[in-house]
Amino acid sequence: MKTIISVVGARPNFMKVAPLHKALQKYGDSIRHVIVHTGQHYDEAMSKVFFDDLELPHPDVYLGVGSGTHAEQTAKIMVGFEKVLQDRKPDLVVVVGDVNSTVAASLVSVKMGIRVAHIEAGLRSFDRSMPEEINRLLTDGIADLLFVTEPSGVRNLEKEGIPREKIFLVGNVMIDSLKHYQAKAASSAIAQQLGVERGKYTLVTLHRPSNVDAVEGLRKIVSMFEAIASRSTIVFPVHPRTRKMLEQHGVGASANAIRNLLLVEPMGYLDFLHLLERAQLVLTDSGGIQEETTYLGVPCLTLRENTERPITCEIGTNELCGLDVEKILRKSFEVFDGKMKKGRVPELWDGNTSDRIAAILNSKI
Ligand code: UD1
């Protein structure tokens, strides 16, 4: 019996490991799959609800590291995860995405001579001021198997000198979750509860430090909300970091005062998917949501200067706007007037990526 440990830590990890867990069950006679949750995200709304929605088993190990500076958080994960590896002696560790848990677990594993597979490898924003870009570069530099979602990822890794035989263009595991849960999400009552109708609201998510940590950015966001709310109801599930910043900078009250702006708690996977699929427009600075909107054909404006997921702009429905309020409003109003960018679904985003990854893991382990 071989052991594979998959590491999850933050909200965007859960929907990536859930389909892999299901796919690995098919190899249950020869592979034991262990899930380790670092506890980087710990609020019920940021973590537990995803385990329930995605039918993920309780993590076998919970490290409970919580929040802190990057160094504190990364170091705590490393110390905790090293003990897990000493105890469980896995044959391979799977990490996903680009959060602090990803790089911390990778570093510990390779130093202990345990092979690492990175799901969502090769994505590059070429912006080293993003903590995620550093996490991506370091993880890919030391991983043994690199599973890539889009062709740009393969090119980036090759340019960085990663041997071709380590790289596998397999598609997007997050789309596996999306396809699998689309029907279940359809029966969510969230739109009804919020009083919004299909195609008549704008869904917003914002949590990047570059957008929400400084008061200037928050003020721009509030002025953008004021203009958009005159044309479309806004639903904004507020990330804990963003809520804290709104309050800290004294901008929360002006946001609260905007009619047609629904500031709500972070949502579970099924409720959010329900709203995403039915939105008229999505405004986000998330990585994964750029991909989900491309898959769903929903117009997406990304409030960042760059994206590590260029395929969503090249062939999908995504457009980059930075925090250029004039551009965001112009593009938003185009969408409200029915002039939206049409897109296609990238190759291999077909719902079967985790099966392809499981088969490769089974052959390499
Ligand atoms: C992390 C990821 C980011 C990902 C995001 C999704 C890194 C470097 N960043 O950012 O790539 O897009 O998750 O949400 O790994 N907090 C809570 N409750 C929680 C978690 C966080 O209140 O359950 C608050 C804390 O005040 C914390 C802050 O949010 O200090 C930031 O959390 P952290 O995990 O450091 O990064 P995120 O901004 O969530």
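Atoms considered below: every heavy atom in the structure, side chains included; atoms not considered: hydrogens, waters and symmetry mates. Read the numbers this way: they start at 1 and go in the same order the structure lists the ligands and their atoms.
- Among protein heavy atoms, the minimum distance from atom 26 (O) of ligand 1 is reached at Lys244 NZ, 3.0 Å.
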Run the side-chain contact (heavy atoms from CB on, under 4.5 Å) test on Lys111 and Glu82 for me, step by step, so that the C-alpha distance in whole Å, both residues' side-chain angles and the decisive distance to 0.1 Å come before the verdict.
CA-CA 10 Å; Lys111 292 254 180 133; Glu82 189 176 48; over 6 Å; no
Working note: Tyr269 + Phe14, criterion ring-ring contact (aromatic ring centres under 6.0 Å, His included); need CA distance, chi angles, decisive distance, verdict.
CA-CA 9 Å; Tyr269 183 75; Phe14 307 126; over 10 Å; no
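- Nearest non-hydrogen protein atom to atom 39 (O) of ligand 1 is His41 NE2, 2.7 Å.
- Among Met245, His70, His207, Glu44, the residue whose heavy atom lies nearest to atom 4 (C) of ligand 1 is His207.
- The proximity of Ser101 to ligand 1, defined as any non-hydrogen pair under 4.0 Å, does not occur for either the backbone or the side chain.
- Of the candidates Arg208, Arg243, Glu132, it is Glu132 that places a heavy atom closest to atom 9 (N) of ligand 1.
- Among the atoms of Gln40, some N or O lies under 3.5 angstrom from an N or O of ligand 1.
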Intermediate values then yes/no, side-chain contact (heavy atoms from CB on, under 4.5 Å), Arg32 and Lys2:
CA-CA 6 Å; Arg32 182 188 306 113; Lys2 303 278 188 181; over 6 Å; no
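- If you look at Met46 next to ligand 1, the close heavy atoms, those under 4.0 Å, all belong to the side chain.
- Scanning the protein heavy atoms around atom 22 (O) of ligand 1, the nearest turns out to be Pro240 CB, 3.1 Å.
- What sits closest to atom 6 (C) of ligand 1 on the protein, heavy atoms only, is Pro12 CD, 3.5 Å.
- Ring geometry for His239 versus His41: interplanar angle over 60°, hence perpendicular rather than tilted (30 to 60°).
- Below 30°, between 30° and 60°, or above 60°: for His37 and Tyr62 the angle between ring planes is above 60°, a perpendicular geometry.
- The single protein non-hydrogen atom nearest to atom 8 (C) of ligand 1 is Asn100 OD1, 3.3 Å, given as residue, atom name and distance.
- Ligand 1 places these atoms under 4.0 Å from at least one heavy atom of Gln73: 34 (O), 35 (O).
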Test side-chain contact (heavy atoms from CB on, under 4.5 Å) on Ile4 and Ile365; report intermediate values, then the result.
CA-CA 9 Å; Ile4 293 181; Ile365 201 171; 3.4 Å; yes
Run the side chain to side chain donor-acceptor pair (under 3.5 Å) test on Glu120 and Thr149 for me, step by step, so that the C-alpha distance in whole Å, both residues' side-chain angles and the decisive distance to 0.1 Å come before the verdict.
CA-CA 6 Å; Glu120 219 179 61; Thr149 51; over 6 Å; no
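- Ligand 1 has no nitrogen or oxygen under 3.5 angstrom from a nitrogen or oxygen of Asn135.
- Both Phe50 and Ile175 belong to a single network of hydrophobic side chains, linked directly or stepwise wherever heavy atoms of I, L, V, M, F, W or Y lie under 4.5 Å apart.
- Of the protein's heavy atoms, Asp43 OD2, 3.1 Å lies nearest to atom 18 (N) of ligand 1.
- Checked against side-chain hydrogen bond (donor to acceptor under 3.5 Å, both in side chains), Asp337 has the following partners two or more places apart in sequence or in another chain: Arg231.
- Think of Leu146 as one node in a network of Ile, Leu, Val, Met, Phe, Trp and Tyr side chains linked at under 4.5 Å; its network also takes in Val148, Val154, Leu157, Ile162, Ile167, Leu169, Leu348.
- When hydrogens are left out, the protein atom nearest atom 27 (C) of ligand 1 is Ser67 OG, 3.2 Å; that is the closest non-hydrogen contact.
- In terms of protein heavy-atom proximity, atom 38 (O) of ligand 1 is closest to Arg241 NH1, 3.0 Å.
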